[in-house]
Amino acid sequence: MPIIVQKYGGTSVGGIEKIRNVAKRVIESYNEGNKMVVVLSAMAGQTDGLIKLAHEMTEDPDLRELDVLMSTGEQVSVALFAMAVKSMGYDACSLLGFQVGIHTDQLYGKARIHEIDTRRILKELEKNRITTVAGFQGLDSRGNITTLGRGGSDTTAVALAAALNADICEIFTDVDGVYTTDPNVCPKARKMDKISYDEMLEMASLGAKVLEIRSVEFAKKYNVPIHVRSTFSRERGTMVVAETRDMEKVLVSGVAFNKNEARITIRKVPDRPGIAVKIFEPVFKAGIVVDMIVQNTSEEGITDLTFTVPKPDFYKTMKLVGSVAEEVGAEKVLGDEDIAKISIIGVGMRTHAGVAQKMFGTLAKENINIIMISTSEIKVSCVIEEKYTELAVRVLHEAFGLEGEPSEDH
Ligand code: ADP
Ligand code: ASP
Ligand code: MG
């Protein structure tokens, strides 16, 4: 019997009636002859509410206890869902991360899944139970509850699909697929029928939160087909799959943006071996992910170093970098939270030139200043002032012909 993993996000389970509807939908798939594993997020707004509570208690909540608190949101959803299924005359069983055996490392708030024990789930499925698993949570080797980072229920779902060798992982959300850009920002965004793992990986890492990045990493690594679709309609959504040759014909397949990074500049750093490692070591040790790094050409042995970090890590990084900057004799550290990163993505860039130039020209025409640039094989990113984000997304979307019908089968 095929195994299907379905994941429903916060808005999909945002109330009693909505959870009932999810239960009905899952039962339909069950009645079609599938074994069902259902991963749920916390009800919409719950995780934010829990984080707010923690910060009302103390300015700097203990990370272990914060994970214990945050993981409760998903516990509520799975319990209510299992009750709904049972009230409809079917058997169900809710499981928390630790009951399944979702083993992670020890990094509270952004733990990585190491291994999943599938025995308990398989036992429940054998008993013909619709098995629901709390998303976003795991257990470290010392027996502590961990969480996987915001949006982490996607990762739970895809990792479970890989571990169970499921036929498909369906991600049910509040939009009906992956679009050329965020449809809530650009009304002309177009739904894609399919997108490659690599493109989706870039889209996710560059800010398109429709799928959490680690979920796409898992999917690519274990070749799990993902179907992103709407909880509120029956329409086919977007398949996230391995690259096919026709995908290369499309130059740019999407525009992403991220307002969740901040920029830090260290002015007048001595330019000598060992300085970069000295500056970044405490930042990396604190588990902070540094994204773009730009070092100016040095003049008389002195240079400027600029990089970006996630906004929630901004103050911590400023503090850490502030002390090393003083140590190495830099002039000062400047910070800017009002930035956004705009990116264009497409596997077609591998074989076509001039994409970056068109991007720069399009932004220039709107008088949008580019603060930082980074490129990879299949993406170009520019940091700009945050207030121009929506404008930049719209003009780039238009400039690369992403509106209307696709010119190729993509
Ligand atoms: P869930 O709660 O179901 O996990 P999320 O809010 O995490 O849902 O992700 C869905 C949201 O992702 C959409 O409402 C949309 O605003 C946003 N989004 C950003 N970029 C894209 C994109 N390229 N395609 C579709 N949705 C996108
Ligand atoms: N509830 C968690 C969050 O809001 C995880 C998730 O929804 O995927 O980030
Ligand atoms: Mg999400």
Side-chain angles (χ1 to χ4, degrees), residues 150 178-190 199-210 213 251-267 283 288-297 303-315 317-318 321 332-346 348-349 352-403:
R150 298 305 306 267
V178 180
Y179 279 68
T180 46
T181 192
D182 188 341
N184 290 319
V185 166
C186 182
K188 289 186 175 164
R190 176 173 47 79
E199 283 170 323
M200 194 61 237
L201 213 50
E202 291 286 4
M203 292 267 270
S205 75
L206 296 168
K209 69 169 182 165
V210 61
I213 178 161
L251 198 59
V252 170
S253 53
V255 179
F257 63 91
N258 185 358
K259 295 182 181 180
N260 199 32
E261 284 188 14
R263 176 172 63 125
I264 294 173
T265 300
I266 311 173
R267 293 288 310 276
V283 180
I288 295 167
V289 181
V290 174
D291 181 24
M292 293 162 106
I293 304 179
V294 176
Q295 185 179 324
N296 294 10
T297 45
T303 186
D304 290 346
L305 194 64
T306 303
F307 59 96
T308 60
V309 291
K311 257 183 204 163
D313 294 327
F314 176 64
Y315 286 103
T317 315
M318 283 293 279
V321 169
K332 60 179 163 192
V333 181
L334 303 169
D336 182 1
E337 285 189 276
D338 300 323
I339 58 158
K341 185 170 63 176
I342 309 289
S343 311
I344 53 171
I345 298 125
M349 281 185 214
H352 295 76
V355 180
Q357 199 183 343
K358 186 165 176 179
M359 180 181 194
F360 304 154
T362 306
L363 294 175
K365 228 193 273 167
E366 299 295 329
N367 247 332
I368 300 172
N369 188 37
I370 299 172
I371 305 169
M372 294 169 88
I373 298 169
S374 84
T375 60
S376 81
E377 247 197 331
I378 64 164
K379 71 118 203 269
V380 185
S381 300
C382 295
V383 170
I384 60 169
E385 275 183 75
E386 184 175 353
K387 63 181 178 194
Y388 295 122
T389 311
E390 283 74 16
L391 174 64
V393 169
R394 280 200 301 272
V395 292
L396 289 171
H397 194 264
E398 195 181 340
F400 285 100
L402 296 174
E403 297 167 7

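It should be emphasised that the depicted structure is a prediction, and the values quoted were computed from it without experimental measurement.
Of the candidates Asp313, Ile288, Val289, Ile264, Val283 forms a side chain to side chain contact (heavy atoms under 4.5 Å, CB included) with just one, namely Ile288.
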Which donor-acceptor pairs under 3.5 Å do side chains of residues 355-368 form with protein atoms, sequence neighbours excluded?
residue, atom, partner, partner atom, Å
Lys358, NZ, Ala399, O, 3.1
Thr362, OG1, Lys358, O, 2.6

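Lys209 NZ to Asn260 CG: the interatomic distance, rounded to the nearest 0.5 Å, is 10.5 Å. To the nearest 0.5 angstrom, Thr308 atom OG1 is 10.0 Å from Arg263 atom CZ. Distance CG/Asp336 to CD/Glu261: 12.5 Å, rounded to 0.5 Å. Here Asn296 contributes atom CG and Thr306 contributes atom OG1; the two are 6.0 Å apart, rounded to the nearest 0.5 Å. Atom SG of Cys382 and atom CD1 of Ile373 lie 5.0 Å apart (nearest 0.5 Å). From Ile345, atom CD1 reaches atom NZ of Lys379 across 8.5 Å, with rounding to the nearest 0.5 Å.
Closest approach of Val185 to Arg394, counting heavy atoms only: O-NH1, 4.3 Å. Scanning both residues, Glu377 and Met349, for their nearest heavy atoms gives O-CB, 3.6 Å. Residues Ser253 and Gly346 come closest through the heavy atom pair OG-CA, 3.8 Å. Across all their heavy atoms, Ala392 and Ile384 have their closest contact at CB-CD1, 3.8 Å. The minimum heavy-atom distance linking Phe314 with Ala262 is given by the pair CD1-CB, 3.4 Å. The two residues Val393 and Cys186 have their closest heavy-atom pair at CG1-CB, 4.3 Å.
Under the side-chain hydrogen bond (donor to acceptor under 3.5 Å, both in side chains) criterion, Thr389 pairs with no residue, sequence neighbours left out. Legend: residues meeting side chain to side chain contact (heavy atoms under 4.5 Å, CB included) with Lys332, ordered by chain and number and at least two apart, are Arg267, Leu334.
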Discussion item. For Val383 and Met292: C-alpha separation, side-chain torsions, deciding distance, then whether side-chain contact (heavy atoms from CB on, under 4.5 Å) applies.
Written reply: CA-CA 9 Å; Val383 170; Met292 293 162 106; 3.5 Å; yes
Worksheet item: Passes side-chain contact (heavy atoms from CB on, under 4.5 Å), Ile213 versus Leu201? Steps please.
Response: CA-CA 6 Å; Ile213 178 161; Leu201 213 50; 4.2 Å; yes
Discussion item. Ser381 vs Leu206, test: side-chain contact (heavy atoms from CB on, under 4.5 Å). Steps then yes/no.
Written reply: CA-CA 8 Å; Ser381 300; Leu206 296 168; 3.6 Å; yes
Worksheet item: What do the steps show when you test Met203 against Val210 for side-chain contact (heavy atoms from CB on, under 4.5 Å), and what is the final call?
Response: CA-CA 9 Å; Met203 292 267 270; Val210 61; over 6 Å; no
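When atom types are taken as modelled, the side chain of Thr181 and the backbone of Val255 share a donor-acceptor pair closer than 3.5 angstrom. Under a 3.5 Å cut-off, the side chain of Lys311 and the backbone N or O of Glu337 do form a donor-acceptor pair.
Salt bridge Asp291/Lys341: present, at least one basic N to carboxylate O contact under 4.0 Å.
The side-chain heavy atoms of Phe307 and Val309, taken from C-beta on, include a pair separated by under 4.5 Å.
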